[in-house]
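These notes concern the structure reproduced below.
The chains referred to below are lettered A, B, ... by the order of the sequence lines, with proteins before strands, and numbering in each begins at 1. Quantities reported herein were computed from a predicted structural model and do not represent experimental measurements.
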Number of protein chains: 2
Amino acid sequence: MDQLTIENGVENVLLPAINDDHGGVVVELKEHMGPFIFLTRLKTSMSQWTLQGKKGVWIKLPIHLVNLVETAVKEGFCYHHAEPDYLMLVNWIPETTNTIPANASHRVGVGAIVLNDKRELLVVQEKNGIMRGRGIWKIPTGIVEEGEDISAGVIREVKEETGIDVEFVEVLAFRQWHKVFFGKSDLFFVCMMRPLSFDIQIQELEIEAAQWMPLEDFAASAQKPSLMWYIYELCKAKVDKNYSGFSPQSVTSFFSDKPSYIYLNKRDLD
Amino acid sequence: MDQLTIENGVENVLLPAINDDHGGVVVELKEHMGPFIFLTRLKTSMSQWTLQGKKGVWIKLPIHLVNLVETAVKEGFCYHHAEPDYLMLVNWIPETTNTIPANASHRVGVGAIVLNDKRELLVVQEKNGIMRGRGIWKIPTGIVEEGEDISAGVIREVKEETGIDVEFVEVLAFRQWHKVFFGKSDLFFVCMMRPLSFDIQIQELEIEAAQWMPLEDFAASAQKPSLMWYIYELCKAKVDKNYSGFSPQSVTSFFSDKPSYIYLNKRDLD
């Protein structure tokens with residue numbers, strides 16, 4: 001008996017696959033499998049899927065099946081995306097144009113404008129990264145976590161970095177910036193927040209210092225048209241004028257039970 | 001002579017690495033290498049980096065070095081992200097909290113509101129995906145490409161799907177939606193566009209039909225508070241009232257020579 005027979009009992013077994021909404025199949029392997037068995041089953045399955053006119057073939061390999069990655073690539077699969085615990089590979093069968101959806105392309109950052117009644121802005125100095133040791137005062141910023149709403153992410157970041165409790169008001173602006181990390185882009189949302197507490201407690205790991213700083217001092221070194229200059233102008237327009245940003249409204253979806261948020265100029269819409 | 005000596009001439013060679021801005025190192029391998037050589041060099045390098053107090057160790061493996069993936073994982077590396085032609089692995093050395101930056105978490109979609117002088121909206125029916133065969137008329141939509149500005153992406157998508165030339169006016173709203181594909185999120189920007197041409201030519205691959213549809217007909221089946229309902233309300237607010245969205249302004253960066261765009265309510269800022 002060869003290895004195949006020992007492990008499977010039959011020689012030709014297709015890989016377990018489910019159809020997707022785009023004429024393709026998704027293989028999600030979980031159980032341990034040797035590369036030789038995998039290769040045989042993959043070849044048989046690919047022949048079958050080709051005959052069936054399938055388009056994209058997806059293989060999701062959890063990291064404990066790293067032993068199968070090389071085999072999949074040698075059979076013509078490319079990487080699509082990866083997360084810490086798995087790798088997704090894909091292969092486009094037909095001769096027609098490849099319509100494999102793109103990988104996630106953006107990271108979502110948030111920055112908090114938190115002003116107290118004395119026209120003072122909550123600012124921090126960071127310990128790490130590109131801002132390190134430059135003595136630059138900036139608004140609290142952070143990265144939105146997987147599955148986290150922008151409005152929730154900015155509340156969390158302000159609390160983590162400064163200990164200040166804040167309430168989300170609206171998005172005043174956003175910036176799109178390319179090739180920020182590993183060729184990926186960044187969408188940075190400048191958010192107006194209302195402070196609910198005022199005693200600063202900094203997070204030692206990431207933050208060097210934090211303070212309430214007179215708004216005019218913050219802008220002293222900002223050159224037009226830098227992001228810092230725009231943040232200062234937005235602060236003034238919000239406090240002194242009647243600037244309207246985008247505020248979140250719950251929106252239902254045709255395809256999902258979960259509500260999500262649409263951010264829009266509510267003042268102008270009503 | 002063992003394999004190591006044959007291939008390298010010396011027994012202990014560190015992997016080529018450059019320091020990053022966060023106290024870590026990045027190894028970017030390009031030349032072919034056998035797994036045994038790689039394992040030896042990786043072990044030696046890791047000892048060295050640990051002594052040096054390095055934090056995150058990144059290994060970028062182009063897809064032709066897929067033979068080294070299993071070795072890296074068995075030495076404690078996890079996947080970080082992947083693109084069609086490479087896999088990035090990472091290992092956090094110190095005992096302290098892991099501050100490895102998150103992978104890209106969002107895809108950026110765009111939808112175009114294109115209205116002609118007769119209060120007709122440019123709408124399409126899609127051939128593929130979840131909309132297939134439902135007979136639903138929707139605004140032209142698409143996914144922004146890697147490194148593409150939102151304003152450029154929406155112009156490209158309208159042209160591709162309908163043949164209509166459009167000019168970008170502003171972002172009227174955006175929606176954040178979670179777990180849309182492979183657990184990733186979607187940021188969808190509803191963009192006001194001004195038509196520069198009017199003769200529709202559909203793209204056969206993706207589009208079933210396209211037409212200029214009276215705005216009120218489009219809204220007939222839209223239920224509050226669905227996205228389609230909001231799109232209709234935004235159309236009306238833009239045409240009949242004085243709705244102000246976010247328009248792009250060029251912004252310079254402290255860290256980069258390339259200008260990027262900040263989108264804001266320019267009418268209220270001025």
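Only the backbone of F77(B) comes within less than 4.5 Å of a heavy atom of chain A; no side-chain atom from C-beta onward does. Using a 4.5 Å cut-off between heavy atoms, D270(B) touches chain A through its backbone atoms (N, CA, C, O) alone. With a 4.5 Å cut-off on non-hydrogen atoms, W229(B) does not touch chain A at all. Residue contact with chain A, scored on non-hydrogen atoms closer than 4.5 Å, is absent for V180(B). Of the two parts of E145(B), neither the backbone nor the side chain holds a non-hydrogen atom closer than 4.5 Å to a non-hydrogen atom of chain A. Both the backbone and the side chain of I63(B) have a heavy atom closer than 4.5 Å to some heavy atom of chain A.
Contacts with chain B were tallied for T96(A), I100(A), V171(A); V171(A) has the most, counting heavy-atom pairs under 4.5 Å. Interface remark: of the candidates R107(B), E206(B), H80(B), H80(B) forms the most heavy-atom pairs closer than 4.5 Å to chain A. With chain A as the partner, the residue from I143(B), D85(B), L187(B) showing the most heavy-atom pairs under 4.5 Å is L187(B). Of all the listed residues (S226(A), P248(A), P101(A)), the one sharing the greatest number of non-hydrogen pairs under 4.5 Å with chain B is S226(A). Highest contact tally toward chain A, considering only N242(B), I150(B), L227(B), is held by I150(B) [criterion: heavy-atom pairs under 4.5 Å]. Most heavy-atom pairs under 4.5 Å with chain B, from the set Q249(A), E233(A), E83(A): that is E83(A). Contact count versus chain B (heavy atoms, under 4.5 Å) is highest, among F246(A), Y261(A), Y263(A), for F246(A). Here A104(A) is the residue among S260(A), G183(A), A104(A) with the most heavy-atom pairs under 4.5 Å with chain B. Note on K60(B), R175(B), H178(B): by heavy-atom pairs under 4.5 Å with chain A, the leading option is H178(B). Comparing A102(A), A237(A), S244(A) by how many heavy-atom pairs each has under 4.5 Å with chain B, the most go to S244(A).
Side-chain atoms of N103(B) come within 3.5 Å of backbone N or O of A82(A) as a donor-acceptor pair. In this structure a side-chain-to-backbone donor-acceptor pair under 3.5 Å is missing from K179(B) to G147(A).
When the side-chain hydrogen bond (donor to acceptor under 3.5 Å, both in side chains) test is applied to D240(B), the partners found at least two apart in sequence or on another chain are R119(B). Every residue two or more places apart in sequence or in another chain was checked for a side chain to side chain contact (heavy atoms under 4.5 Å, CB included) with P84(A), and none qualifies.
For K236(A), the NZ atom is densely surrounded, since the number of other residues' heavy atoms within 6.0 Å is greater than 12.
Here the shortest heavy-atom pairing between E148(B) and Q176(A) reads O-NE2, 3.1 Å. Across all non-hydrogen atoms, the minimal contact from Y230(B) to V251(A) is CD1-CG2, 4.0 Å.
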Give the table of side-chain donor-acceptor pairs shorter than 3.5 Å for residues 66-74 of chain A, with sequence neighbours excluded, one pair per line with atom names and distance.
unit_1	atom_1	unit_2	atom_2	d
N67(A)	ND2	M33(A)	O	3.0
E70(A)	OE2	K74(A)	NZ	2.7

**OP:** For the pair L172(B) and L264(A), evaluate side-chain contact (heavy atoms from CB on, under 4.5 Å) and give the outcome as yes or no after the intermediate values.
**Re:** CA-CA 7 Å; L172(B) 298 184; L264(A) 46 75; over 6 Å; no
Original post:
Could you go step by step and tell me if K184(A) and E146(B) meet the side-chain contact (heavy atoms from CB on, under 4.5 Å) rule?
Top reply: CA-CA 7 Å; K184(A) 298 287 182 175; E146(B) 190 113 342; 3.8 Å; yes
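The salt bridge (charged side-chain N to carboxylate O under 4.0 Å, His left out) test with D268(B) is passed by exactly one of K238(A), K241(A), R267(A): R267(A).
Using a 4.5 Å heavy-atom cutoff, the side chains of W58(B) and F182(A) are in contact.
Among residues 87-95 of chain B, the residues having any heavy atom closer than 4.5 Å to a heavy atom of chain A are, in sequence order, L87(B), M88(B).
The distance from atom NE2 of H106(A) to atom OG of S185(B), rounded to the nearest 0.5 Å, is 13.5 Å.
For F174(A) and F189(B), the ring centers sit closer than 6.0 Å to each other.
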